[in-house]
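Numbering starts at 1 and runs along the sequence shown.
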Amino acid sequence: MNQVENPLKWGISKLTQAGINSPSTDAVRLLEHCLGKRLSSLQNDELKTLHTEVLAQYFEYIGWRCKRKPVAKIIGEKEFWGRNFKVNEYVLDPRPDTETLIEEALKEDYQTILDLGTGSGSILVTLLAEGNLSCGAGTDISMECLKVAQQNLKIHRVDTRAMLINTSWFAGLIKGKFDLIISNPPYITESEYNQIDPEIGFYEPRIALCPSFDGLLAYRLIAQKINQFLKFEGKLILEIGYQQELIVKNIFNSTKLTFEKTLFDLDGRARGLVYRKPARIRYSEDDNK
Ligand code: GLN
């Protein structure tokens, strides 16, 4: 197949040979990124007369994808809840699974939102942009992630309503109560991680996926302090691995929160847990502990 005569077909056949399972979608996305426009907007023979630089970049991108680099990591952006987010090697690409959490979060209005382990900032940005009166904070242990999150807050014009904090979970927060606390923490177990797809194992930051041998460390740390930072009647939404429903519920049994519901993905797998802090009346003076 001639690379120059029909770059799209050439790309698709290269990706197919490399065993990539969405060769057409990926080749189209990569070519469109190089062109800076949709293929549907091209004139008849335009594909056959592409600039050398465009072609050279496209060949390089196809080469990367053959080495299993995810499309988002190649082009530096990923769509999430209808918006484009900058990504790089330091952040986990936003995933459709996490949109289940967004759907739940958007059922209410909040004045204050805290996104723990914000990464690219996709959850925080989406919630701030959709609920235009709220303000929020995002934490992350990685300064590199916060740089990306800051860019995304700016691109989507919510940076004036957000604050980023370089810390591990609640560790660096001293004061503050939030109406909504939300997190997609790392939850993959070490044995799952050892068998993970090369797309993830080679190109996604391990710290965002696999925190400890059993994948539960972040939930334990969140459970320890959640009561201190959640307002009365505030809501907690957590992403979980699809086999972790019972075990994470167990961890949160030690908190003062009331379990509200499990969130399921389109395949019917448990992907999120929702909790509520009861109204003040039910508490004694130690409600801040
Ligand atoms: N769902 C993600 C994956 O399988 C994991 C995200 C996470 O650990 N928070 O790649």
Residues Gln111 and Ser134: side-chain donor-acceptor under 3.5 angstrom: no
Validation row, ring centre Tyr275 to ring centre Phe252 under 6.0 Å: yes
Whether His156 and Phe85 hold their rings parallel, tilted or perpendicular, with breakpoints at 30° and 60°: tilted
NZ/NE/NH1/NH2 to OD/OE distance under 4.0 Å, Lys235 and Glu108: yes
Member of Lys78, Lys69, Arg68, Arg95 meeting the salt bridge (charged side-chain N to carboxylate O under 4.0 Å, His left out) criterion with Glu204: Arg95
Shortest non-hydrogen contact from Asp93 toward Pro70: OD2-CB, 4.1 Å
Side-chain H-bond candidate by donor/acceptor type, Thr112 with Asp179, under 3.5 Å: yes
Evaluation steps, side chain to side chain contact (heavy atoms under 4.5 Å, CB included), between Tyr187 and Gln244: CA-CA 9 Å; Tyr187 51 68; Gln244 290 171 324; 3.5 Å; yes
Verdict with reasoning, Phe59 to Trp64, per side chain to side chain contact (heavy atoms under 4.5 Å, CB included): CA-CA 9 Å; Phe59 297 156; Trp64 276 115; over 6 Å; no
Asp214 versus Ser212, side-chain donor and acceptor atoms under 3.5 Å: yes
Donor-acceptor under 3.5 Å (Asn152 side chain, Ser120 main chain): yes
Polar side-chain atom of Asn166 near backbone of Ile141 as donor-acceptor pair, under 3.5 Å: yes
Side chains of Lys67 and Tyr203 in contact at under 4.5 Å (non-hydrogen atoms): yes
Verdict with reasoning, Glu104 to Lys261, per salt bridge (Lys or Arg N to Asp or Glu O under 4.0 Å): CA-CA 10 Å; Glu104 175 62 27; Lys261 64 174 124 161; 2.9 Å; yes
Whether Thr189 side chain and Glu192 backbone form a donor-acceptor pair below 3.5 Å: yes
Whether Thr118 side chain and Asp115 backbone form a donor-acceptor pair below 3.5 Å: no
Asp267 (side chain) donor-acceptor with Arg269 (main chain) under 3.5 angstrom: no
Close side-chain approach of Val87 and Val148, heavy atoms under 4.5 Å: no
More than 12 heavy atoms of other groups within 6.0 Å of Glu46 CD: yes
Glu199/Arg65 salt bridge by N-O under 4.0 Å criterion: yes
Check: Lys277 side chain, Gly234 main-chain N or O, donor-acceptor pair, under 3.5 Å: no
Atom CZ of Phe213: over 12 foreign heavy atoms under 6.0 Å: no
